[in-house]
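We use all heavy atoms of the structure for the numbers below, so side chains are in, but hydrogens, waters and symmetry mates are not. For reference, positions follow the sequence shown, starting with 1.
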Amino acid sequence: MTIQALAGRTIAVPESRELEVFATLLERRGARVIRCPLVAIRDAPDPAPVLDWSRRLAAGGFDDLVLLTGEGLRRILSCIEQHDVALRGPFLEALGRTRKITRGPKPAKVLRELGMKPEIAAERPTTDGVIASLNGLDLFRSRIGVQLYGTEPNRPLLDFLEGAGAAVWTVAPYVYADAGDEQAVRNLADRLREGSVDAIAFTSSAQVERLIAVVSEEAARAALANTLVAAVGPVVVDTLRRHGIEAQLMPQESFFLKPLARALEEALGTKPHAAAPPDLRHRGRSPPQA
């Protein structure tokens, strides 16, 4: 008989793109899952800037390429396939030749699927980690393409690159849009506030921002004070912290859904009122850092 370590536990999942994948991982462990997708990921409304940027890469226009998300690279390839399929070959050839810098494991995973790997992988999967990895390199007059995280302009990274004398071209191949209706978000906040949810697992910064946009920062902090707050990785941890919320749980090394599900299992997969395992950080303390 399979032991379901999360039996009796209720976990809120605001994921959208891989909602069922994540929910199934938790349900197989016995959890009761509240599905409340807070945001949806969509293609950039205008494909022209994405194609222009891709053609510049294909023509050898970049010396370096910074990939902040795996989703972004997938969306670029999808845009090419939808609007200019002849561009795919030259794009991939140039991608292979160009020095690639990745922020975290997800863009590196997409590169591996394409038979490539990053030349430089940030030790910490954050903007500061990318900057630290590039600091000390001669970037003067380098032509650098930057694939953004959603439509966030990432001024700290761009200011660093431009300050180093590089010319920078950015691309935003996807946008975030509201997913769940506002009442569903408020209902989720009510359940969190009541203490009837054992944990909420944030898998993107946009989910945090949407919750706060609907119920306010103060109300979000109050609601999340009554549940275990889990984050898929340091970027989400930093977003929570900017709003005065401390994540208590984060996978230690690999920032994907499966490690997050395992971390939740380790943290909550005990009998009620049992002591928390070492990886679980108490409220008000800093989460583990990658």
Notebook entry, point to check: Between Val236, Leu224, Val237, Leu249, which is the residue that forms a side-chain contact (heavy atoms from CB on, under 4.5 Å) with Val229?
Noted result: Leu224

Notebook entry, point to check: Within a strict 4.5 Å, meaning less than it, do heavy atoms of the Glu152 and Leu68 side chains meet?
Noted result: no

Next item on the list: First locate atom OG1 of Thr239, then atom CD of Gln207, and finally report the distance between them rounded to the nearest 0.5 Å.
Entry: 10.5 Å

Check: Any side-chain heavy-atom pair from Arg210 and Glu182 closer than 4.5 angstrom?
Finding: yes

Item checked: Residue pair Pro14 / Ala201: nearest heavy atoms and the distance that separates them -> CD-O, 3.1 Å

Notebook entry, point to check: Arg56 and Asp52: side chain to side chain contact (heavy atoms under 4.5 Å, CB included), yes or no, with the steps?
Noted result: CA-CA 6 Å; Arg56 181 181 292 274; Asp52 289 345; over 6 Å; no

Checklist line | Single-linkage hydrophobic cluster, 4.5 Å side-chain cutoff, Val168 and Leu95 together | finding: no

Next item on the list: Could you walk me through whether Ile41 and Arg75 pass side chain to side chain contact (heavy atoms under 4.5 Å, CB included), step by step?
Entry: CA-CA 10 Å; Ile41 302 174; Arg75 295 277 172 166; 3.5 Å; yes

Margin query: With a 3.5 Å distance limit and no angle check, can you tell me whether Arg29 reaches the backbone of Leu25 through a side-chain donor-acceptor pair?
Written below: yes

Item checked: Under 3.5 Å: donor-acceptor pair, side chain of Ser16, backbone of Pro37 -> no

Notebook entry, point to check: With the 4.5 Å side-chain cut-off for hydrophobic clustering, are Leu134 and Ile144 part of the same group?
Noted result: yes

Note to self: I'd like to know if Glu113 and Arg74 make a salt bridge, using a cut-off of under 4.0 Å between side-chain N and carboxylate O.
What the structure shows: yes

Notebook entry, point to check: Thr69 and Gln147: side-chain donor and acceptor closer than 3.5 Å?
Noted result: yes

Next item on the list: Give the minimum heavy-atom separation between Ser254 and Pro259, together with the two atoms involved.
Entry: O-CB, 3.2 Å

Notebook entry, point to check: Distance-only, no hydrogens or angles: does the Arg143 side chain make a donor-acceptor pair with backbone N or O of Trp169 under 3.5 Å?
Noted result: no

Next item on the list: Would you mind reporting whether Leu228 and Leu264 have side-chain heavy atoms less than 4.5 Å apart?
Entry: yes

Note to self: A side-chain contact here means heavy atoms from C-beta on lying under 4.5 Å apart; do Val185 and Leu211 qualify?
What the structure shows: yes

Checklist line | Exercise: identify the closest heavy-atom pair between Asp46 and Pro49 | finding: O-CD, 3.2 Å

Note to self: Tell me whether Arg141 at atom CZ has more than 12 heavy atoms from other residues, nucleotides or ligands lying less than 6.0 Å away.
What the structure shows: no

Next item on the list: Report the distance from atom CG of Leu111 to atom NZ of Lys106, rounding to the nearest 0.5 Å.
Entry: 15.0 Å

Next item on the list: Let me see the working for Leu73 and Leu114 under side chain to side chain contact (heavy atoms under 4.5 Å, CB included), right down to the final yes or no.
Entry: CA-CA 11 Å; Leu73 182 52; Leu114 297 170; 4.3 Å; yes

Next item on the list: Output the distance between atom CG (Leu19) and atom OG1 (Thr203), rounded to the nearest 0.5 Å.
Entry: 9.0 Å

Item checked: Side-chain ion pair, Glu265 and Arg9, N-O less than 4.0 Å -> no

Item checked: Taking every non-hydrogen atom, the tightest pair across Leu268 and Ala199 -> CD1-CB, 3.7 Å

Checklist line | Side-chain heavy-atom pair Val175, Pro45 within 4.5 angstrom cut-off | finding: yes

Next item on the list: Mind telling me whether Tyr149 and Tyr174 have parallel, tilted or perpendicular rings, with 30° and 60° as the class edges?
Entry: perpendicular

Checklist line | Separation between CD1 of Ile80 and CG of Leu57, rounded to the nearest 0.5 Å | finding: 8.0 Å

Next item on the list: Nearest 0.5 Å please: distance from the CD1 atom of Ile120 over to the CZ atom of Arg99.
Entry: 4.5 Å

Check: When clusters are formed by joining ILVMFWY residues with side-chain heavy atoms under 4.5 Å apart, either directly or through shared neighbours, do Leu67 and Met116 land in the same one?
Finding: yes

Check: Side-chain contact, heavy-atom cut-off 4.5 Å: Val235 with Pro125?
Finding: no

Note to self: Please give me the minimum heavy-atom distance between Phe160 and Leu139, naming the atom from each residue.
What the structure shows: CE2-CD1, 4.1 Å

Next item on the list: Would you confirm whether Asp198, through its side chain, and Ile11, through its main-chain N or O, come within 3.5 Å as a donor-acceptor pair?
Entry: no

Check: Given Asp84 and Arg55, is the side chain to side chain contact (heavy atoms under 4.5 Å, CB included) satisfied, shown in steps?
Finding: CA-CA 10 Å; Asp84 188 358; Arg55 291 178 183 127; 3.2 Å; yes

Next item on the list: Check whether any side-chain heavy atom of Phe91 lies under 4.5 Å from a side-chain heavy atom of Ile76, and answer yes or no.
Entry: yes

Next item on the list: Let me see the working for Glu266 and Arg262 under salt bridge (Lys or Arg N to Asp or Glu O under 4.0 Å), right down to the final yes or no.
Entry: CA-CA 6 Å; Glu266 292 171 4; Arg262 285 196 296 269; 5.9 Å; no

Note to self: Do Phe62 and Leu87 sit in one hydrophobic cluster, given that two such residues count as connected whenever their side-chain heavy atoms are within less than 4.5 Å of each other, even indirectly?
What the structure shows: yes

Check: Side chains of Ser78 and Gln82: do they bring a donor and an acceptor to under 3.5 Å?
Finding: yes

Check: For the side chain of Asp138 and the backbone of Phe140, is there at least one donor-acceptor N/O pair under 3.5 Å apart?
Finding: yes

Check: Between atom CD of Glu20 and atom CD of Glu27, what is the distance when rounded to the nearest 0.5 Å?
Finding: 7.5 Å

Notebook entry, point to check: Shortest non-hydrogen contact from Arg42 to Ala177?
Noted result: NH1-CB, 3.5 Å

Next item on the list: State, without any angle test, whether Thr127 and Asn154 hold a side-chain donor-acceptor pair at a distance under 3.5 Å.
Entry: yes

Item checked: Side-chain touch Pro251/Phe256, heavy atoms, less than 4.5 angstrom -> no

Margin query: Would a single hydrophobic cluster contain both Leu137 and Leu157, if residues Ile, Leu, Val, Met, Phe, Trp and Tyr are joined by side-chain heavy-atom contacts under 4.5 Å?
Written below: yes

Check: Going through the distances and angles, do Arg88 and Glu81 end up as a salt bridge (Lys or Arg N to Asp or Glu O under 4.0 Å)?
Finding: CA-CA 7 Å; Arg88 180 179 172 87; Glu81 289 168 359; 2.7 Å; yes

